[in-house]
Amino acid sequence: MFIPIYFWYSAFVIVLCGLLAISLRNPVHSVLAVLVLFFHMAGLYLLLQAEFLAAVQIIVYAGAILVLYLFVLFLVNLKEELKVSAFVPGVWLGRGIAAGLFVLLLWALPSFTAGMKGSWPSAAVTQAGHTKALGAELFTQYLLPFEIAGTILLVALIGGLVLAARVGQADRTEKTARSAGQETTPQPREEQS
Amino acid sequence: MTDRLLVLNPAAFNWGMITPVLPELILLAVGVVLVALDLFAPRQRQLLPWMTVLGVSAVLLMNLGMSVPPEAGIMLLNDGYTAFFCTLCLGSVILTALMREMYSEQMQAHHGEFYSLMVFSAVGMMVMIASVDLMTIFLGLELMALPLYVLIGMHKKEFRTSEAAAKYFLMGVFASALLLFGMSLLFGLSGSTNLAEIGTYIKSHSLASNPALVTALALLVAGLCFKVAVVPFHMWTPDVYEGAPTVLTAFMSAGPKAAGFAVFGRIMLTVFPELEPNWGPVLVMLAVLTMAVGNIVALVQNSLKRMLAYSAIAHAGYALLGIAAGTASGMAAAMSYLFIYLFMNMGAFAILIIFSRGQEEHESIHCCQGMAAKHPVLALCMLIFMFSLTGIPPTGGFTGKFYLFQSALAAGYTVPVIMAVLLSAVSAFFYLRIIRLMYMGAPEGQVTINSPTVGILVVLGVAVAGTILLGVAPGALFDWAQRAMLP
């Protein structure tokens, strides 16, 4: 009885916070909404008996990454909103597509059937300990994806440095020439997906 | 349970797992060496392009010579398919590295990181091409795309490039999210991330009519169509291709796109052969739509670069027609076409880089007006590339399209092929307009161009030779593609 209620509560809060994060005007409020979202994600992981993932979710995402975002927001101190022309003509087109996707999923998901069971049934995971099982799998069978993810982080690091260095140089050369305040360019951030 | 947990010592580790990824590892090492060289030996920067060319060529040769027998549960596979697409993508990296020097001299922008980031992107392409596992496919895609976002945003001088970078980043992330959603549905339905295992599971449990599986298919197709810029998922392409530095546009329309098609073909033909009646007609429709939008919108473009961007969209439509046929020969035709497209596209962009003068990029279609009188050799090269892009007989573009249409006809798509031929005729208008301007227009003002560098001359030579040779004797390429499609 408790578990379905807990799941639905978490799922509802996650969707709500996701919507809030993209619709709130103040970036700090958005980040705080994402923080709540991450906590409830961790709650869902706990429900799946993945206590290590839940801890990592809170320590890394909620603890480290979001605080970093907040620091960036405070340091950059965006006074005026950056306006970029919309990629998709008309908001309603985008909303229509999103609604269509929602209906498609509602139609399709009831017929979902779970596939084969993997080599780690939940009893085995509980017996070995989630952290140990995860580590063993990650560094043997899934070593390759793990290393590729590491390479992605290396590239993100180099890319961030390149972009930051370029901004610094551009600022120095343009400091004299700049008269109008429209130089603010959108910064592609590294993604976490 | 304990024996499974004790495998963490190095002796018990399966080192055979490393062998199939050796080319990727070496390419990664090349990338790291390039970073180090750029950092610690800034005076030797003119060596960077040649180091890139050398390293990537070595990996290319190694990849061609490799044949590792497939093991069960392996994530990266070195088969003929991998070798074909890796040659294609690494070839695009080599050609771009050769062109880059000329461009950076014109733009007064020397970024050593360009080469290392491009090599990292190539590592991502190799991973996604060789992947037979959903997880590595996704990671490879991200590894390929992330350096591209940075490369586009690197030139901060123009607002246009920053906008292009932001746009490409947002669209890329959105496409990745769609792809990931589809993949997670697929994993939940089958319980495996291995493509072949999912395929057999779908077959043995007759899941083909399950709405959830169809939704997974739709999400995967939408995500992949974003990645290879197929209409109606192409909105980002013209702006990004126009805003990006010209060398990068040439690279993006050849290498990463081919890698996207590699994943597309692999997923469609291994996982969803049972659902072919579902996706075949849809993809054919998208292919025709892509050709129509690409070719018709290109008609009204006055910027040469933007015209080539729309032409890149149209050519993605032709390649998609091969995949949509749903047969091995159709895929082989798409692969050959992408290979031929590499040569003609790189050649056309090389000419565009030579023609654009000085700091300001001259991209107007009129920049080539009267070029034939002053620079007959360059004009002749451009003539060959434009003929090939249109699909006029003695060039590679013709044989590639012929083979594609033939395989689509064999799959029973008669009306779409007729449409495709008609749209090729439409494309003749804007490709041949450039030739007319070059040969019949009077030179507009002072026609001077920067003297081309050695690298770009090599690219032009290779592109002309490739376009002509593949037009006259395409047999070897077609045979290779056919053999690559054999299991």
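In what follows, every chain begins at residue 1, and chains take the letters A, B, ... in the order their sequences are listed.
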*chain B contact via Ile152(A) - which portion, at a heavy-atom distance below 4.5 Å*: both
*Name the region of Phe181(B), side chain, backbone, both or neither, that has any atom closer than 4.5 Å to a heavy atom of chain A.*
side chain
*asked:* Please check if the number of heavy atoms outside Phe174(B) that lie under 6.0 Å from its CZ is greater than 12.
replied: no
*Tyr6(A) and Phe2(A) aromatic centres sub-6.0 Å*: yes
_Under 4.5 Å from any heavy atom of chain A, what part of Leu213(B) do you find: side chain, backbone, both or neither?_
neither
*Any idea which of Leu105(A), Leu101(A), Leu154(A), Thr151(A) has the most non-hydrogen atom pairs under 4.5 angstrom with chain B?*
Thr151(A)
*Name the region of Leu185(B), side chain, backbone, both or neither, that has any atom closer than 4.5 Å to a heavy atom of chain A.*
both
_Region of Val123(B) that comes under 4.5 Å of a non-hydrogen atom in chain A_ = neither
*Where on Leu28(B) is there a heavy atom nearer than 4.5 Å to chain A: the side chain, the backbone, both, or neither?*
side chain
*asked:* Does any backbone or side-chain atom of Leu189(B) lie under 4.5 Å from a heavy atom of chain A? Answer side chain, backbone, both or neither.
replied: both
_Tell me whether Ser131(B) contacts the main-chain N or O of Asp133(B) through its side chain, where contact means a donor paired with an acceptor under 3.5 Å._
no
*With respect to chain A, which residue among Thr136(B), Asn210(B), Ile152(B), Leu219(B) yields the maximal number of heavy-atom pairs within a distance under 4.5 Å?*
Asn210(B)
*Does any N or O in the side chain of Ser206(B) come within less than 3.5 Å of the main-chain N or O of Ile202(B), such that one atom is a donor and the other an acceptor?*
no
*Out of curiosity, Leu70(A) CG to Leu35(A) CG, how far, rounded to the nearest 0.5 Å?*
8.0 Å
*More than 12 foreign heavy atoms under 6.0 Å from CD1 of Ile3(A): is that the case here?*
no
_Check: Asp239(B) side chain, Lys167(B) main-chain N or O, donor-acceptor pair, under 3.5 Å_ = no
